[in-house]
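Order of listing sets the numbers, starting from 1, for every ligand and every atom in it. Quick caveat, the model's predicted, so the values are computed rather than measured.
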Amino acid sequence: MLVLVINSGSSSLKYQVRDVTAEKVLLEGLVEKIGVGNGGGGDGEVLGPKDHAEALELVDAAITAELGGVRLEAVGHRVVHGGERFGEPVLITSEITRAIERLNPLAPLHNPASVLGIRAIAKKWPDLPQVAVFDTAFHRTLPEYAWRYAIPDSLYTNHGIRRYGFHGTSHAYVTQQAAALLQIPVGEFDGVIAHLGNGASVAAIQGGLSVDTSMGFTPLEGLVMGTRSGDLDPSILVFLSRAGWSVEDIDTLLNRESGLKGLAGDNDMRSVVEQAEAGNPRAAMALAVASYRLAKYIGGYHVAVGGARAVVFTAGIGENSSQFRALVVERLGALGIRLDAELNGVRSKEARVISTLSSAIPVLVIPTDEERAIAEATAAVVGAP
Ligand code: ADP
């Protein structure tokens, strides 16, 4: 089954054509600068496609050029916000598209882009089934005491202010892969998964289901990320606001200027580690703050799941940065968790164990693959009778 996986951003469209049966990526690409540079068209200005429909024509042209006359059988969309309604991938109808659109206020940068992508495809290929796979869906199983903020109920009922969690497609996929590596049914997996990319979140998994996660109402909460602050005292926002900062300034500060970038001046983990190793104290401090924060979450989630049976690292940093993994696991000694320095140093694209035999529970590295998970979920929904 050939599935086109689409990740629509406000000015970009990332795509993959996957053969789900053969587990292969046939084509992948990125259309950028959608709707950008069409203002005056001055000298040297790069004109991107006018809108998502025009971007889709470029994708179609690439598919024809590279793959000839293949017949796509379904489209799977990464949709950031599924709100409280969507706990599973769904076949898209016009009613579903409107439901995704109604969630725009909760994900103002992402959901509108998904809706544009969905409508462009519905227009161009009206007979092609489309499936929405939500970033929030896996976290629909959080118990109320985990998703509530301790603020008046009216904020939840009137504005939907609660914790939703993100990276769900990755956490769900890695949960399955971890259970497979440990050779247990996924329903018996209790563990903590750290998805550490530019955005980063940790999830508490009990019986294969998400029971807590560090991102909340938006992806800003929780861990120290590339450019996001993660947890902080909300009174800082009030303080800054009283000091004359605008809402936009505060939003930019916390989402784009903070995290590793704010602490070390660089949002890329690879260079932060290199700078720390070269003796840069700010870089070393940034790593200490980030690893300490994550270790605290792992300790907390060990309690949340009633005793984790594994700690799992995934995504760009989790899969590749042996240095950062070591800094985190060093802080987990009280739980009896021990890293095997040699196994941790092995560079590999395979799922693997990196703890010692005497470690209280195994530490795993599991490569994530959100596009694969979206393609498989799409095939399952479309193939279902
Ligand atoms: P995104 O959230 O954009 O998908 P990724 O999962 O690709 O992000 O992760 C990006 C992060 O992974 C960056 O901080 C990058 O420095 C880090 N990273 C990628 N490769 C390595 C590596 N070999 N060593 C250390 N960090 C790495």
Side-chain angles (χ1 to χ4, degrees), residues 5-16 25 28-30 32 78 80 107 109-110 113 133 135-136 165-174 177 193-203 213-215 218-230 255-278 280 282-284 286-291 293-294 312-329 339 343-352 354 365-374:
V5 177
I6 295 276
N7 187 346
S8 308
S10 50
S11 66
S12 69
L13 196 156
K14 227 165 113 180
Y15 64 95
Q16 272 193 0
V25 181
E28 61 188 325
L30 171 68
E32 289 180 289
R78 169 179 186 241
V80 164
L109 297 180
H110 293 102
V133 182
D135 245 25
T136 49
F166 299 88
H167 288 147
T169 306
S170 174
H171 285 300
Y173 175 82
V174 171
Q177 301 293 315
I193 296 173
H195 174 113
L196 311 176
N198 281 313
S201 72
V202 53
T213 190
S214 59
M215 285 178 168
T218 74
L220 182 58
E221 193 178 346
L223 301 176
V224 176
M225 310 183 209
T227 61
R228 294 188 197 122
S229 64
N255 280 297
R256 300 188 190 281
E257 304 294 336
S258 295
L260 294 178
K261 186 173 177 200
L263 291 169
D266 195 321
N267 67 319
D268 191 287
M269 180 57 87
R270 231 171 323 196
S271 47
V272 176
V273 167
E274 276 165 21
Q275 289 171 48
E277 286 174 348
N280 178 330
R282 279 183 71 200
L287 294 178
V289 176
S291 58
R293 175 94 50 94
L294 175 54
V312 186
F313 287 93
T314 191
I317 297 167
E319 291 166 31
N320 296 300
S321 183
S322 56
Q323 296 93 334
F324 189 70
R325 291 193 300 253
L327 288 173
V328 174
V329 179
L339 213 55
L343 292 178
N344 184 41
V346 172
R347 300 199 64 82
S348 160
K349 292 274 164 222
E350 302 292 316
R352 59 198 187 275
I354 57 168
V365 174
I366 305 226
T368 191
D369 192 340
E370 285 166 284
E371 284 79 13
R372 175 178 166 184
I374 291 169

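Panel note: side chain R325, backbone N344; a donor-acceptor pair is recorded below 3.5 Å. At distances below 3.5 Å, at least one donor-acceptor pair connects side-chain atoms of T314 with backbone N or O atoms of I366.
Listed by chain and residue number, D266 satisfy the side-chain hydrogen bond (donor to acceptor under 3.5 Å, both in side chains) test with S271 (two or more places apart in sequence, or in another chain). Not a single side-chain hydrogen bond (donor to acceptor under 3.5 Å, both in side chains) links T169 to another residue, sequence neighbours left out. Qualifying side chain to side chain contact (heavy atoms under 4.5 Å, CB included) partners for N7, counting only residues two or more places apart in sequence or in other chains: K14, R78.
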Atom pairs and distances, ligand 1 N/O vs protein N/O under 3.5 Å:
unit_1	atom_1	unit_2	atom_2	d
ligand 1	2 (O)	N198	N	3.0
ligand 1	3 (O)	N198	ND2	2.9
ligand 1	6 (O)	G316	N	2.9
ligand 1	8 (O)	N198	N	3.2
ligand 1	12 (O)	I317	N	3.3
ligand 1	14 (O)	M269	N	3.0
ligand 1	16 (O)	D268	OD1	2.7
ligand 1	16 (O)	D268	OD2	3.4
ligand 1	16 (O)	M269	N	3.1
ligand 1	16 (O)	R270	N	3.2
ligand 1	23 (N)	R347	NH2	3.4

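Taking a cutoff of 4.0 Å between a charged side-chain nitrogen and a carboxylate oxygen, E257 and K261 qualify as a salt bridge.
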